There are 2 protein chains.
Amino acid sequence: MKRAGPSTGGRRRSYGTAADRALNLWVALARCASSVSRVSARDIHRYGLTQAQFAVLEVLYHKGPLPLCTIGAKLLVTSGNITYVADQLEGSGFLRRERSAEDRRVVLAKLTSQGEALLDKHFPSHAARMAEAARALSPREQEALARLLKKWGKATRKDQ
Amino acid sequence: MKRAGPSTGGRRRSYGTAADRALNLWVALARCASSVSRVSARDIHRYGLTQAQFAVLEVLYHKGPLPLCTIGAKLLVTSGNITYVADQLEGSGFLRRERSAEDRRVVLAKLTSQGEALLDKHFPSHAARMAEAARALSPREQEALARLLKKWGKATRKDQ
DNA sequence: AGCGAACATCTTGAGCTTGAAATGAAACGC
DNA sequence: GCGTTTCATTTCAAGCTCAAGATGTTCGCT
């Protein structure tokens, strides 16, 4: 780490101000997301879960039973991935599948009492950990940041 | 998709305003990063590269030859991953390794002329694609967003 | 009713990323 | 000088994610 010589000649290329601004923004987004993700993941690993597993449990904890495809849409992951994670969580006894009566294509995921207990126990401390990580920004800054992220994210999903 | 019943009873739990704000922010960050990453990845795949490969080439393209560990630090990925990606790029002839004379632990990665040509050809259009994706935000908003992301990212990396 | 399009889930195979341990090299302290 | 610590890279195994295709279900149209 920290081996970039001072005069190692980074050719500064420019692609127009709009492109340079966008590239700078994208790098900032990717690096920030990676860093915060690491904080989150480290915390979650202490509960014996992966980030993906925790994310699925968390959605069910706060929204109630949901079809697998809805979970996938919320988490922006593929159907195959949700199947994989749901298998794990079902195997661990935190979740159970239930085929929907109205639409038999659909499988609903429900937290078991064990899954609910797990989140009762660990979610508050996880929330506290994330709040601590966010303290680097003022409440005002956090709100501004969240607003811009949502705006960009939504637009990006819309036009493909 | 879009199967959440209207009264499926999402229990609204609160963990204090600071925690709720932080969780909301973290969800927005993760979703936005995922969406933008998808746009970037789709574009890069058309050049026959993965995002990780493109990221390594891009760093070398703009900064000149660098030790593998420096690349890893910039991209926030592990050393093993950089070795893996460098192997691929070396196999494809876009990059070559060169052991440093001053510090023989270090391996410098350099773009080959073929690698340089690849980026000469494709980087500008990739930059344009990312600029287009960023157009959902005004230049002022993009700058504000980048500033906040950098501030949060840096702080998050600092205190672990 | 019947057919084709769209959908939800699952399966499979391939690729990406990580963490931990191994190797070789430099730096530090005494 | 010599041993300890730190560092850069590599290797390896395990796990995560995706894309593409298969299966079973529903919807829309005629």
Side-chain angles (χ1 to χ4, degrees), chain A residues 1-5 30 33-35 37-42 44-46 48-56 65-92 95-109, chain B residues 1-5 30 33-35 37-42 44-46 48-56 65-92 95-109:
Chain A
M1 288 224 208
K2 196 68 72 55
R3 282 259 156 200
S34 171
S35 300
S37 172
R38 228 164 283 257
V39 170
S40 169
R42 234 194 289 275
I44 290 169
H45 269 302
R46 299 187 314 160
L49 296 171
T50 68
Q51 260 185 123
Q53 292 166 353
F54 191 82
V56 169
L66 289 177
L68 294 186
C69 66
T70 302
I71 301 174
K74 279 182 190 302
L75 270 37
L76 304 178
V77 298
T78 60
S79 60
N81 195 4
I82 288 291
T83 296
Y84 174 74
V85 175
D87 284 349
Q88 296 175 318
L89 292 172
E90 199 168 24
S92 305
L95 169 159
R96 76 171 194 280
R97 284 174 163 94
E98 193 168 301
R99 194 157 280 273
S100 165
E102 316 151 15
D103 186 340
R104 299 247 297 282
R105 291 172 300 184
V106 167
V107 173
L108 272 79
Chain B
M1 287 226 211
K2 196 67 73 56
R3 282 257 157 201
S34 171
S35 300
S37 173
R38 228 165 285 257
V39 170
S40 168
R42 235 195 290 275
I44 290 170
H45 270 300
R46 298 186 316 159
L49 295 171
T50 68
Q51 260 184 122
Q53 291 166 353
F54 191 81
V56 168
L66 289 177
L68 295 186
C69 66
T70 302
I71 301 173
K74 279 184 191 302
L75 302 178
L76 303 179
V77 298
T78 60
S79 58
N81 194 7
I82 288 292
T83 295
Y84 174 74
V85 175
D87 284 348
Q88 296 176 318
L89 293 172
E90 198 169 26
S92 305
L95 168 160
R96 76 171 194 283
R97 284 176 163 92
E98 192 167 298
R99 194 155 281 274
S100 166
E102 316 151 15
D103 186 341
R104 299 246 296 282
R105 293 172 299 184
V106 167
V107 173
L108 272 79

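Throughout, protein chains are lettered first and strands after them, A, B, ... in sequence-line order, and every chain is numbered starting at 1. Everything numeric here is computed off the predicted structure, so don't read it as measured data.
Contact annotation: A:R97 side-chain N/O to C:dC10 OP1/OP2 distance is under 4.0 Å. When the side-chain nitrogen and oxygen atoms of B:R38 are compared with OP1 and OP2 of D:dC18, one or more of them lie within a distance under 4.0 Å. Dashed line: the shortest gap from a side-chain N or O of A:Q88 to OP1 or OP2 of D:dC16 is under 4.0 Å.
Between A:L66 atom CG and C:dT9 atom P the separation is 11 Å, expressed in whole Å. Computed from coordinates, the B:L89 CG to C:dC16 P distance equals 10 Å when rounded to whole Å. Look at NE2 on B:H45: it is 8 Å from P on C:dC16, rounded to the nearest Å. Rounding to whole angstrom units, CG of residue B:N81 and P of D:dG15 are separated by 18 Å. Summarising the geometry, the separation between CD1 on A:I82 and P on D:dT17 is reported as 9 Å, rounded to the nearest angstrom. Across the protein-nucleic acid pair, A:F54 atom CZ and D:dC16 atom C1' stand 18 Å apart, rounded to whole Å. Nucleotide D:dT10 holds its P atom 11 Å from the CD1 atom of B:I71, rounded to whole Å. One atom, CD of A:E98, and another, C1' of C:dA8, lie 16 Å apart when rounded to the nearest Å.
Judged purely by atom type and a 3.5 angstrom limit, B:S92 uses its side chain to pair as donor or acceptor with the backbone of B:Q88. A:T83 contributes a side-chain N or O that, together with a main-chain N or O of A:S79, makes up a donor-acceptor pair within less than 3.5 Å.
A:S37 places a side-chain heavy atom less than 4.5 Å from the side chain of A:Q51. Looking only at side-chain heavy atoms (C-beta outward), A:Y84 and A:D87 stay at 4.5 Å or farther from each other.
Within a 6.0 Å sphere centred on CZ of A:R97, heavy atoms belonging to other residues, nucleotides or ligands number more than 12.
Judged by closest nucleotide on DNA chain D, B:V107 is the one of B:V107 and A:T50 placed further toward the 5' end. Both A:R104 and A:Y84 sit near DNA chain D, but only A:Y84 has its closest nucleotide nearer the 5' end. When the nearest nucleotides of DNA chain C are assigned to B:V77 and A:T83 by heavy-atom distance, the more 5′-ward of the two goes with A:T83.
For B:C69, taking side-chain heavy atoms from C-beta onward, the closest of the listed nucleotides C:dC16, D:dT9, D:dT25 is D:dT9. Side-chain proximity of B:R105 to C:dA26, C:dC7, D:dT10: nearest is C:dA26.
Residue contacts for B:R99: at a heavy-atom cut-off of 4.0 Å it reaches no nucleic acid atom on any strand shown.
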